[in-house]
Amino acid sequence: MSAKLAVVSGGGTGIGAAITRALAEDGHEVIIAGRREDPLAKVAAEVPGVTAVVADLADPTQVTRVADAVGDRAVDVLVNNAGGFVMSEGDSLADEAAMWRRTFDVNVLTAVLLTTALETSLRRPGGRVILLSSIAAQRGGAGPYSAAKAALHGWVFDLAARLGPDGVTANVISPGYVAETEFFGTRMTPEGHALRVGQTLVGRAGVPDDIAAAVRWLSGASGGYVTGQIIGVNGGSVLGR
């Protein structure tokens, strides 16, 4: 029997790299995709069974590179992890519009285009679609980033309803504060770290492996009866509701 196949966007760093390693450990061949060649190549060199595809997933002409890498194989797990925080480059209305559009492209359009490109390749039954959101979608505080991530919540309900009859699940994982990633860049301060840890009920920051563990559960046999859900992995920073 051929190995299971997973596709992970943004698989070269942080949470995406941890997810890639976890799925590979569980016996998947993994195709990782993203804009930056060097981080993707590093993970592909370190983790057996990983293939890197360099593509801007907000560009429809480049998303096809991932579909070409999949070929005629069935995709068992699709993890839409690509995303990021976009900073404004000015104070004009045009600058504001550009920031919102780019934020939507990076966090929503990447997931929509990749999922659409691979939808017919999802294993039926048994395929899994997983979207990575953010605690910001549930409590606000990050402007366009909060809004973009919240858009994934509404979209996953449509995905789950459409794919469910074929035995394919679709869920959102919404991480809280996760240290050891590039997300905050140089913006994180010791005070900011302490504030975010203090908002949890468990007294610690998350790490990429915490999110990878949730992906492992949803992508495994025990996650087959879970679909259309927003799953918070946030140390209790935002309570379920």
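From a predicted model like this one, the values you see are computed outputs, not experimental measurements. Heavy-atom basis, side chains included; hydrogens, waters and symmetry copies ignored.
Atom OG1 of T169 is separated from atom CD of Q229 by 10.5 Å, given to the nearest 0.5 angstrom. Here CG of L118 is found 8.0 Å from CD1 of I31. Values are rounded to the nearest 0.5 Å. In this structure, the separation between CZ on R216 and CG on D209 is 8.5 Å, given to the nearest 0.5 Å. Summarising the geometry, atom OG1 belonging to T13 is positioned 12.0 Å from atom CG belonging to D38; distances are rounded to the nearest 0.5 Å. How far CZ of R65 is from CG of L57: 9.5 Å, rounded to the nearest 0.5 Å. Here E180 contributes atom CD and I15 contributes atom CD1; the two are 10.5 Å apart, rounded to the nearest 0.5 Å.
A salt bridge does not link R36 with D56: none of the charged nitrogens is closer than 4.0 Å to a carboxylate oxygen.
No side-chain heavy atom of P144 sits less than 4.5 Å from a side-chain heavy atom of F104. With a 4.5 Å cut-off on side-chain heavy atoms, V75 and V70 count as touching. Counting heavy atoms from C-beta outward, T116 and L113 have side chains that stay 4.5 Å or more apart. A 4.5 Å side-chain heavy-atom check between I211 and P208 finds every atom pair outside the cut-off. With a 4.5 Å cut-off on side-chain heavy atoms, R35 and Q62 do not count as touching.
Residues I135 and Y177 are members of separate hydrophobic clusters, defined by side-chain heavy-atom contacts under 4.5 angstrom among Ile, Leu, Val, Met, Phe, Trp and Tyr. Each of V106 and V63 belongs to its own hydrophobic cluster when Ile, Leu, Val, Met, Phe, Trp and Tyr are linked at side-chain heavy-atom distances under 4.5 angstrom. Clustering ILVMFWY residues whenever any of their side-chain heavy atoms sit less than 4.5 angstrom apart, transitively, puts I32 in the very cluster that holds V54. Linking ILVMFWY residues whenever their side-chain heavy atoms come closer than 4.5 Å, directly or via other members, places I230 and V168 in the same cluster. Cluster annotation: V215 is connected to V233 through the hydrophobic network of ILVMFWY side chains, with a link wherever side-chain heavy atoms come within less than 4.5 Å.
Not counting sequence neighbours, the partners of N80 by the side chain to side chain contact (heavy atoms under 4.5 Å, CB included) test are S9, L78, A111, L114, T115, V129, L131.
In this structure, A82 and T110 approach most closely via the heavy-atom pair O-OG1, 3.9 Å. The two atoms that bring D26 and K4 nearest to each other are O-NZ, 3.4 Å, heavy atoms only. Between V108 and A148, the shortest heavy-atom contact is CG2-O, 3.2 Å. Heavy-atom minimum distance, A205 versus A179: CB-CB, 4.1 Å. When all heavy atoms are compared, the tightest approach of K149 to G83 is NZ-CA, 4.5 Å. Nearest heavy atom pair, residue L23 against residue A6, reads CD1-CB, 3.8 Å.
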S237 vs R139, side chain to side chain contact (heavy atoms under 4.5 Å, CB included): CA-CA, chis, key distance, verdict: CA-CA 10 Å; S237 299; R139 69 180 183 188; 4.1 Å; yes

Intermediate values then yes/no, side chain to side chain contact (heavy atoms under 4.5 Å, CB included), N234 and T200: CA-CA 7 Å; N234 59 41; T200 72; over 6 Å; no

Worked check of salt bridge (charged side-chain N to carboxylate O under 4.0 Å, His left out) between K42 and E46: CA-CA 6 Å; K42 184 175 185 293; E46 293 174 349; 2.6 Å; yes

Verdict with supporting geometry, R102 and L109, side chain to side chain contact (heavy atoms under 4.5 Å, CB included): CA-CA 10 Å; R102 182 57 183 161; L109 198 60; over 6 Å; no

Chi angles and distances behind the side chain to side chain contact (heavy atoms under 4.5 Å, CB included) call for L163, R124: CA-CA 9 Å; L163 299 175; R124 289 168 166 79; 3.8 Å; yes

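Within a 6.0 Å sphere centred on CZ of R101, heavy atoms belonging to other residues, nucleotides or ligands number 12 at most. The 12-atom threshold is not exceeded at CD of E37, counting heavy atoms of other residues, nucleotides or ligands nearer than 6.0 Å. In the displayed structure, L201 atom CG is contacted under 6.0 Å by more than 12 heavy atoms of other residues, nucleotides or ligands.
For the 3.5 Å distance criterion, the side chains of S174 and Q138 qualify, holding a donor opposite an acceptor.
One N or O on the side chain of R128 and one on the backbone of G220 form a donor-acceptor pair closer than 3.5 Å. A distance-only check finds no donor-acceptor pair linking the side chain of N81 to the backbone of G11 [under 3.5 Å]. Under the 3.5 Å distance criterion, the side-chain polar atoms of T189 are matched with a main-chain donor or acceptor of G192. At distances below 3.5 Å, not a single donor-acceptor pair connects side-chain atoms of T64 with backbone N or O atoms of A67. Although no hydrogens or angles enter the test, the distance criterion places a donor-acceptor pair under 3.5 Å between the side chain of N107 and the main chain of T103.
For the side chain to side chain contact (heavy atoms under 4.5 Å, CB included) with V30, the qualifying choice from L5, V7, V43, V8 is V8, the only one to do so.
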